[in-house]
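Written out below as structure tokens is the structure these notes cover.
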Amino acid sequence: MVRQYPYKYIDRSRFYKIAELADEDTYVQIIGEVTEWHTVGIGKAQRLSATFNDGTHQCELVWFKGVQYVKLQRGVKYLLFGKPSRFNHIYNFVHPELTPWDKVTPEMTQGLEPYYNTTDTMKRHGLNSRAIRTMIADLMPDVRRGVPDTIGMDILQHYRLMSLTDALVNVHFPKDTPTMQSARARLKFEELFYVQLQILRQMKRRELNPGFAMPMVGNRFHALYKALPFDLTNAQKRVIHEIHDDLKSGHQMNRLLQGDVGSGKTLVALLCCLLAVDNGYQACIMAPTEILANQHYETLKHFLAPLGDAVHVALLTGSITPKNRVPIHNGLMNGTIHILIGTHALLEDAVQWQNLGFVVIDEQHRFGVAQRARLWTKNQTPPHILVMTATPIPRTLAMTVYGDLHVSIIDELPPGRKPVQTIHYSLLRQAQIYSFLLKQIQAGRQIYVVYPLIKENEKMDLQDLQNGFNTLCEAFPDYKISMVHGQMRAADKDLQMQRFASGETQILVATTVIEVGVNVPNATVMVIQNAERFGLSQLHQLRGRVGRGAEQSYCLLLTDDEISTDTRKRMNIMVETNDGFRIAEADLALRGPGDLEGTLQSGTPFNLQIANLATDGQLVALARQAAMDILEKDPLLEDEMNRIYKRQLDILRVTQSYNWGEIS
Ligand code: ADP
Ligand code: MG
């Protein structure tokens with residue numbers, strides 16, 4: 001119960017004047033008198049309306065319920081407490097607390113008053129915030145006598161944190177704001193510390209997992225390396241070294257590869273697959289969509305062409321017929337297939353490997369944590385896992401969402417790329433936009449036009465897309481246009497994509513199915529319709545579809561003329577920067593981690609009660625450091641002095657809804 005923290009506080013030591021009230025969503029208290037009142041209506045519809053005067057100004061008090069219990073007196077000094085709202089130039093308070101001044105106790109107007117979240121069910125049983133406050137106040141004498149701390153003295157001192165006893169007292173009944181903040185900081189730290197302790201312990205344990213040893217850099221790797229038409233960037237080379245070090249170690253690798261769109265992750269993944277194949281193992285690359293799986297397949301075949309028969313690659317997606325799956329299943333069993341590319345279809349039970357040693361999960365945020373776990377358990381010895389994402393994740397969020405993975409970053413784009421120029425247009429400037437697009441097409445370039453989808457099956461959205469397609473057909477009668485959306489049959493989708501990729505069509509009208517990974521270097525313009533309906537990370541992903549060739553590329557963000565402040569901020573960030581990490585930080589700040597987790601889908605397996613990943617980044621880093629320091633010396637928490645941590649982890653495992661099991 002005392003671990004149910006307030007979600008806000010109201011400063012009861014402050015008194016307002018009516019003249020000072022502003023349209024803010026806060027509670028205030030005012031001293032004054034009731035000068036006049038009357039009831040309107042009868043029976044259930046009855047309401048009581050009163051005028052309250054603080055000596056200089058007036059406001060209105062209203063009761064809809066329990067009118068018969070409200071006893072008002074003229075000429076009596078009252079303390080009014082409630083939330084004002086403005087209506088017809090006068091402030092009014094609905095169901096305020098009105099206490100005669102001689103009944104006001106000192107406690108009522110002291111310090112910060114805590115407010116607690118309650119559910120409807122709780123309210124129906126009379127458990128409103130006030131009732132909870134009373135119950136917690138009753139528990140305080142016990143708390144004050146001292147509760148055993150959950151964090152060791154050394155850490156408390158080092159990070160200057162309150163004891164648990166002080167924190168619990170002051171989180172509920174703080175005497176002032178700084179004390180309240182210190183109490184909350186201590187509790188946030190504790191929460192984040194245990195999350196990190198669990199994540200890092202998992203990681204340490206996994207580092208001890210046996211893994212397939214792949215020490216050799218073999219013929220296939222060298223052959224591809226020599227056949228590449230360009231040099232690898234330094235960042236690509238560094239990352240391949242990092243991965244190879246893991247592969248040599250004899251322990252299972254769990255690594256996250258982050259790199260902005262176009263940074264060349266696919267090639268890195270392929271080279272690493274070849275490291276595995278050269279050492280006698282099979283590899284697979286799992287993509288979130290069929291389009292992307294197809295494209296990886298084509299890309300790999302293209303890169304591997306100079307190697308002839310040395311590497312056998314196969315593709316397995318949902319649209320491959322059962323008949324055509326048989327040879328794939330056989331090839332995987334007898335080891336003739338070296339690398340398998342695919343979608344979720346890869347996870348089906350029918351897929352059995354001879355010796356799967358290396359797994360690449362592309363754009364992992366589309367996969368659930370549970371699916372990641374399924375790959376883990378497919379063989380006895382777990383394969384090495386490389387998770388790739390083009391969605392840069394702010395460092396502090398990554399520490400939690402991907403906290404159990406080692407991280408490699410490709411922070412360099414291949415040379416010769418021109419930054420995409422981003423422009424924000426109001427839809428009103430349609431004519432100007434069309435003439436720009438026409439010039440680009442006449443210069444031989446291609447164009448993406450993307451429409452938002454909330455749900456792939458919403459008729460309205462599809463209608464928007466169809467209308468957009470028709471409008472473009474009328475506007476560009478001399479050119480060919482492809483259309484792709486989520487409800488099309490995979491074969492039709494592929495055909496349309498193929499027509500665009502080969503340059504047969506000049507414009508591709510699409511929903512966000514093209515968001516990830518599609519690569520058409522000749523496309524130089526990305527038009528995003530209703531850009532206000534996309535999140536920042538998504539906009540950045542879409543923009544990454546252009547700027548892949550030598551020509552200057554453009555991203556046009558189209559929105560309504562009238563947009564919210566938030567939308568304007570997002571558009572400005574897009575216009576200002578191409579840096580994925582900056583965009584991710586801004587996204588986190590604007591949307592909060594809850595939304596981001598939605599996008600990441602895999603989410604964090606941790607339900608944070610008091611800490612907030614968007615705003616408590618610094619505490620995340622400190623908590624991780626503290627947990628790291630402990631585990632470095634005592635990975636299994638066996639020391640006598642680390643007893644409390646081990647015990648607390650066991651308690652948390654039982655009482656909280658952390659999905660520990662799924663990330664192991
Ligand atoms: P990502 O998957 O990181 O978005 P890709 O792997 O699709 O990026 O690479 C984008 C493009 O850059 C591809 O056409 C790829 O062949 C090319 N590429 C990759 N590495 C290099 C490099 N070192 N130099 C030049 N081009 C590269
Ligand atoms: Mg890619």
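Computed from heavy atoms alone, side chains included, the values below leave out hydrogens, waters and symmetry copies. Start at 1 and go down the list; that is how both ligands and their atoms are numbered.
- Contact annotation: for T299 versus ligand 1, there are no heavy atoms closer than 4.0 Å.
- Looking at Q258 against ligand 1, nothing comes within 4.0 Å, counting heavy atoms.
- In the model, E532 has a side-chain atom that pairs as donor or acceptor with a side-chain atom of N530 under 3.5 Å.
- Per-residue contacts place F303 under 4.0 angstrom from the following atoms of ligand 1 (heavy atoms of the residue considered): 16 (O).
- Residue contacts with ligand 1, taken as heavy atom pairs separated by less than 4.0 Å, involve T233 via backbone and side-chain atoms alike.
- Taken from CG in L274 to CG in L300, the straight-line distance is 8.0 Å, to the nearest 0.5 Å.
- Among S263, P521, P414, G549, the residue whose heavy atom sits closest to atom 25 (C) of ligand 1 is P414.
- Under the 4.0 Å criterion applied to side-chain N and carboxylate O atoms, R238 and E412 are not assigned as salt-bridge partners.
- Near D260, with a cut-off below 4.0 Å to any heavy atom, the atoms of ligand 1 are 3 (O).
- With ligand atoms numbered from 1 in the order given, ligand 1 contributes 4 (O), 7 (O), 10 (C) to contacts under 4.0 Å with heavy atoms of R548.
- With rounding to the nearest 0.5 angstrom, the CD atom of Q446 is 10.5 Å from the CD atom of E504.
- Under 4.0 Å from ligand 1, not a single heavy atom of I410 appears.
- Between F212 and H384, the ring planes lie perpendicular to each other; the angle is over 60°, past the 30° to 60° tilted range.
- Using a 30° and 60° split on the angle between ring planes, Y434 and F476 fall in the perpendicular class, above 60°.
- Within the 4.0 Å heavy-atom cutoff, R417 counts among the residues contacting ligand 1.
- Close contacts of ligand 1 with L232, meaning ligand atoms under 4.0 Å from a residue heavy atom, involve 23 (N).
- Checking G544, P415, G264, A235 against atom 9 (O) of ligand 1, the nearest heavy atom belongs to G264.
- Within the 4.0 Å heavy-atom cutoff, D362 does not count among the residues contacting ligand 1.
- Taking a cut-off of under 4.0 Å to the non-hydrogen atoms of T266, the atoms of ligand 1 that pass are 2 (O), 5 (P), 6 (O), 7 (O).
- Separating the CE atom in M216 from the CG atom in N279 is a distance of 4.5 Å, to the nearest 0.5 Å.
- Those atoms of ligand 1 that come under 4.0 Å of a heavy atom in Q236, given as number and element, are 19 (C), 20 (N), 22 (C), 23 (N).
- Taking 4.0 Å as the cut-off between side-chain N and carboxylate O, R255 and D245 do not count as a salt-bridged pair.
- Which parts of ligand 1 touch D231 is read off a 4.0 Å heavy-atom cut-off, strictly below it: atoms 22 (C), 23 (N), 24 (N).
- Geometrically, ligand 1 and G262 share a nitrogen or oxygen pair separated by less than 3.5 Å.
- The distance from the CD1 atom of I339 to the CZ atom of F358 is 10.0 Å, given to the nearest 0.5 Å.
- To the nearest 0.5 Å, atoms CZ (R445) and CD (Q506) are separated by 12.5 Å.
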